[in-house]
Colleague: 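Quick one: this structure, given as structure tokens, is what I'll be asking you about.
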There are 2 protein chains.
Amino acid sequence: MSSVKKQLFEQLANIAQAISSPQRLELLDYLAQAERSVEELSQLTGLSLANTSRHLQVLKQNALVEVRKDGNKRLYLLAGNDVVNLITSLRKTAETHLAQVEFLLDSYLTQKDKLDPISADQLMEMSQNGEVIVVDVRPEKEYRQGHIPHAINIPPEDLDRRLNELDNSKTIVAYCRGPYCLFSYDAVEALQKKGVTAHRLVDGFPEWKAAGRPTTEKSQS
Amino acid sequence: MSSVKKQLFEQLANIAQAISSPQRLELLDYLAQAERSVEELSQLTGLSLANTSRHLQVLKQNALVEVRKDGNKRLYLLAGNDVVNLITSLRKTAETHLAQVEFLLDSYLTQKDKLDPISADQLMEMSQNGEVIVVDVRPEKEYRQGHIPHAINIPPEDLDRRLNELDNSKTIVAYCRGPYCLFSYDAVEALQKKGVTAHRLVDGFPEWKAAGRPTTEKSQS
DNA sequence: TAACTATTCAATTAATCAATTGAATAGTTT
DNA sequence: AAACTATTCAATTGATTAATTGAATAGTTA
């Protein structure tokens, strides 16, 4: 193989190496929802500060994340939506071929995946018809940094209290961080128990955004 | 993070680890075109037989390739089109963010990328109008195992001799193994020098196929 | 059955990766 | 300027990966 082609494969291998660590995948998952500081990421993941910083350097050197300064804080963010697409491809390959993944998903989402999830295309159509209430069940910080237009934010810790506020005559669609996030499952299950027509969106917000669909940072009020 | 989610990330990380080696990426590139034996792959890549086998075990354990027996030969093949999509995502991320990749591509494809490449969608449309001749410039073995319907096979070693055979009144589109493959560049350049309207397809055959577009194994005659 | 072809496995060595600990750096606050 | 907050870096240790070499395994052929 030509020297140049070999070097191109080495570059691709470097990126794959950067995401070959479960810890770095988790960091990317959190950064897909919102930009965050090293300290915050350390707390979310349970990694030491030094180790969190080390992993972020690896991601930065391979151009998967960028960093901006805010006072003495460094805020990390994804380098682009293509990084979301890369992780999505990785997840789809794992789900398609690895029995262990299927097994884990079955134990993780017991009975839950049978909640009539709807696709992003379906939601786009329903939204245009005005027949749906969209609920973002991620933490408020993530909601504020970007969400589906007109979505209402009900963070996980407020689920029990605030689901009663919703207009029961409309169909409700809840979405979350991504396919492995349980918050939207919990919300839909609770709503269905109250007799409300509710569904969960298949994708998380990052996948919705990476597909070029409309997003906003405007508050709902 | 919950134990199950952590295990899911570990599984994704295992797949990323499997493609974090330039040698395994090269093996996957060859397997994207056609199923091949260990011996053939060893010759194509220059790796020792034992090392080739070792790398294939890693790919197989992470469900990126499958193997079938043909006499005493083991023929390896890609596990699915999603593997092609994964490598495509990897390549796009690298091309988008890594300056080194841009630099390598510039030196590798000097002046060549300015050959008015056309997209798969454009080719689909032109094919339906019957106004185009499609040329597959991969080796015959790869052509035989799958190609775009009606495509003519002109392997790299026959380019100089057989380009004269083509109907000069039609537009010619050449495609190859993928974006890093030079054969289609060479073909288009040679044809344009003869005054023929020729383009190269942006994607390689594996990307075309992975997108669900029509393919066949039928010979052209 | 022996010889051959094709491939995998095990042991070894060298290189690389991951986490910890302590030191160093940089911006902000008092 | 000192103290504080936030973050990165270097050295060290242990674990993992990659390639080679030789042995072992499996199917086919004579």
Side-chain angles (χ1 to χ4, degrees), chain A residues 1 6-7 9-28 30-31 34-77 141, chain B residues 1 6-7 9-28 30-31 34-77 141:
Chain A
M1 162 160 85
K6 186 186 291 290
Q7 288 180 69
F9 276 131
E10 279 170 10
Q11 295 293 313
L12 301 191
N14 286 344
I15 293 198
Q17 179 64 40
I19 60 176
S20 71
S21 153
Q23 291 88 338
R24 291 197 286 276
L25 283 173
E26 185 180 11
L27 290 169
L28 289 174
Y30 282 119
L31 291 175
E35 64 183 22
R36 303 181 197 270
S37 66
V38 182
E39 190 172 14
E40 184 182 358
L41 287 165
S42 171
Q43 286 165 352
L44 286 168
T45 59
L47 297 170
S48 71
L49 269 171
N51 206 11
T52 302
S53 176
R54 186 77 205 100
H55 282 300
L56 287 168
Q57 299 314 309
V58 172
L59 292 174
K60 186 155 79 80
Q61 274 156 10
N62 290 286
L64 296 174
V65 302
E66 288 167 1
V67 62
R68 73 176 181 85
K69 288 179 177 177
D70 182 12
N72 61 348
K73 281 183 183 293
R74 319 285 175 91
L75 295 178
Y76 281 82
L77 59 159
K141 172 192 169 104
Chain B
M1 168 161 80
K6 186 185 289 293
Q7 289 180 69
F9 277 131
E10 280 169 11
Q11 295 293 311
L12 303 192
N14 285 344
I15 293 197
Q17 178 66 38
I19 60 176
S20 71
S21 152
Q23 292 87 337
R24 290 197 287 276
L25 283 173
E26 185 181 11
L27 289 169
L28 288 174
Y30 282 119
L31 291 176
E35 63 182 23
R36 303 184 199 268
S37 66
V38 182
E39 190 173 14
E40 185 181 359
L41 288 164
S42 170
Q43 285 166 352
L44 286 168
T45 60
L47 297 169
S48 73
L49 269 171
N51 206 11
T52 300
S53 177
R54 187 74 206 103
H55 282 300
L56 287 168
Q57 296 316 306
V58 172
L59 292 173
K60 186 155 78 81
Q61 272 155 12
N62 290 287
L64 296 174
V65 303
E66 288 166 1
V67 62
R68 72 176 183 88
K69 290 180 176 178
D70 182 9
N72 59 348
K73 282 182 181 292
R74 319 289 173 88
L75 295 179
Y76 281 83
L77 60 160
K141 173 193 168 102

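Here is the naming used below: chain letters follow the sequence lines, and residue numbers restart at 1 for every chain. The structure presented is a predicted model; accordingly, all values stated were derived computationally and were not measured.
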Colleague: Would you find a donor on one side and an acceptor on the other, under 3.5 Å apart, between the side chain of B/Arg68 and the backbone of B/Leu77?
Modeller: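 Here the side-chain-to-backbone pair does not exist.
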Colleague: Round to the nearest Å and state the distance from B/Asn51 atom CG to C/dA10 atom P.
Modeller: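 Whole-Å distance recorded here is 16 Å.
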Colleague: Using five base pairs at each end to define the local axes, how bent is the helix from C/dT1-D/dA30 to C/dT30-D/dA1, to the nearest 10°?
Modeller: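 The end axes of the helix from C/dT1-D/dA30 to C/dT30-D/dA1 are about 10° apart, to the nearest 10°.
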Colleague: Would you check if the side chain of A/Ser53 reaches a backbone N or O of A/Leu49 as a donor-acceptor pair within less than 3.5 Å?
Modeller: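 A pair under 3.5 Å: no.
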Colleague: Given atom CD of B/Glu40 and atom C1' of C/dA6, what is their separation to the nearest angstrom?
Modeller: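 From B/Glu40 CD to C/dA6 C1': 14 Å.
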Colleague: DNA chain D: A/Val67 or A/Asn72, which has the more 5' nearest nucleotide?
Modeller: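 Closest to the 5' end, via its nearest nucleotide, is A/Asn72.
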Colleague: Checking A/Glu39 against A/Ser37: is there a side-chain donor and acceptor pair closer than 3.5 Å?
Modeller: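 The answer is no; no qualifying pair exists.
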Colleague: Using the side-chain heavy atoms of A/Ala50, tell me which of these nucleotides is nearest: D/dA18, C/dA18, C/dT21.
Modeller: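 Ranking D/dA18, C/dA18, C/dT21 by closest atom to the A/Ala50 side chain puts C/dT21 first.
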Colleague: From the list D/dA18, D/dG27, C/dA18, which nucleotide is the closest neighbour of the side chain of B/Arg24?
Modeller: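 Out of D/dA18, D/dG27, C/dA18, the nucleotide with an atom closest to B/Arg24's side chain is D/dA18.
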Colleague: Rounded to the Å, how far apart are B/Asp70 CG and D/dT28 P?
Modeller: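 Roughly 9 Å, once rounded to whole Å.
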Colleague: Considering only C/dA19, D/dT7, D/dT20, which nucleotide approaches the side chain of A/Val38 most closely?
Modeller: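 Within the option list, the nearest is D/dT7.
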Colleague: How long is the span from the OG1 atom in A/Thr52 to the CD atom in A/Gln43, to the nearest 0.5 Å?
Modeller: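 Nearest 0.5 Å value for the OG1-CD distance: 9.5 Å.
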Colleague: Would you kindly give the CD-to-P distance between B/Gln43 and C/dT5, to the nearest whole Å?
Modeller: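 The distance from CD of B/Gln43 to P of C/dT5 comes to 14 Å, rounded to the nearest Å.
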Colleague: Give, ordered by number, those residues of residues 52-64 of chain B having at least one heavy-atom distance below 4.0 Å to an atom of DNA chain C; if nothing qualifies, reply none.
Modeller: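 Under 4.0 Å from DNA chain C: B/Ser53, B/Gln57.
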Colleague: In whole angstrom, what separates B/Gln23's CD from D/dT20's C1'?
Modeller: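 Value for this atom pair: 14 Å.
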Colleague: Report the distance from atom CG of A/Leu49 to atom P of C/dA24, rounded to the nearest whole Å.
Modeller: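 That distance rounds to 19 Å.
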Colleague: May I ask you to evaluate whether B/Tyr76 reaches the phosphate of C/dA6, defined as a side-chain N or O under 4.0 Å from OP1 or OP2?
Modeller: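 No, because none of the side-chain N or O atoms of B/Tyr76 sits under 4.0 Å from OP1 or OP2 of C/dA6.
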Colleague: Check whether any side-chain nitrogen or oxygen of A/Gln17 sits under 4.0 Å from OP1 or OP2 of C/dT16, and answer yes or no.
Modeller: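 Negative; the distance criterion is not met.
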Colleague: Rounded off to whole Å, could you give me the CG-to-C1' distance for the A/Asn14 and C/dT16 pair?
Modeller: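 Atom CG in A/Asn14 sits about 12 Å away from atom C1' in C/dT16.
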Colleague: Hey, does B/Leu47 reach any base, or is it just sugar-phosphate, or nothing, if we go heavy atoms under 4.0 Å?
Modeller: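 No contact.
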Colleague: B/Arg74 CZ to D/dT25 P: how many Å, rounded?
Modeller: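 One finds 13 Å between P of D/dT25 and CZ of B/Arg74, rounded.
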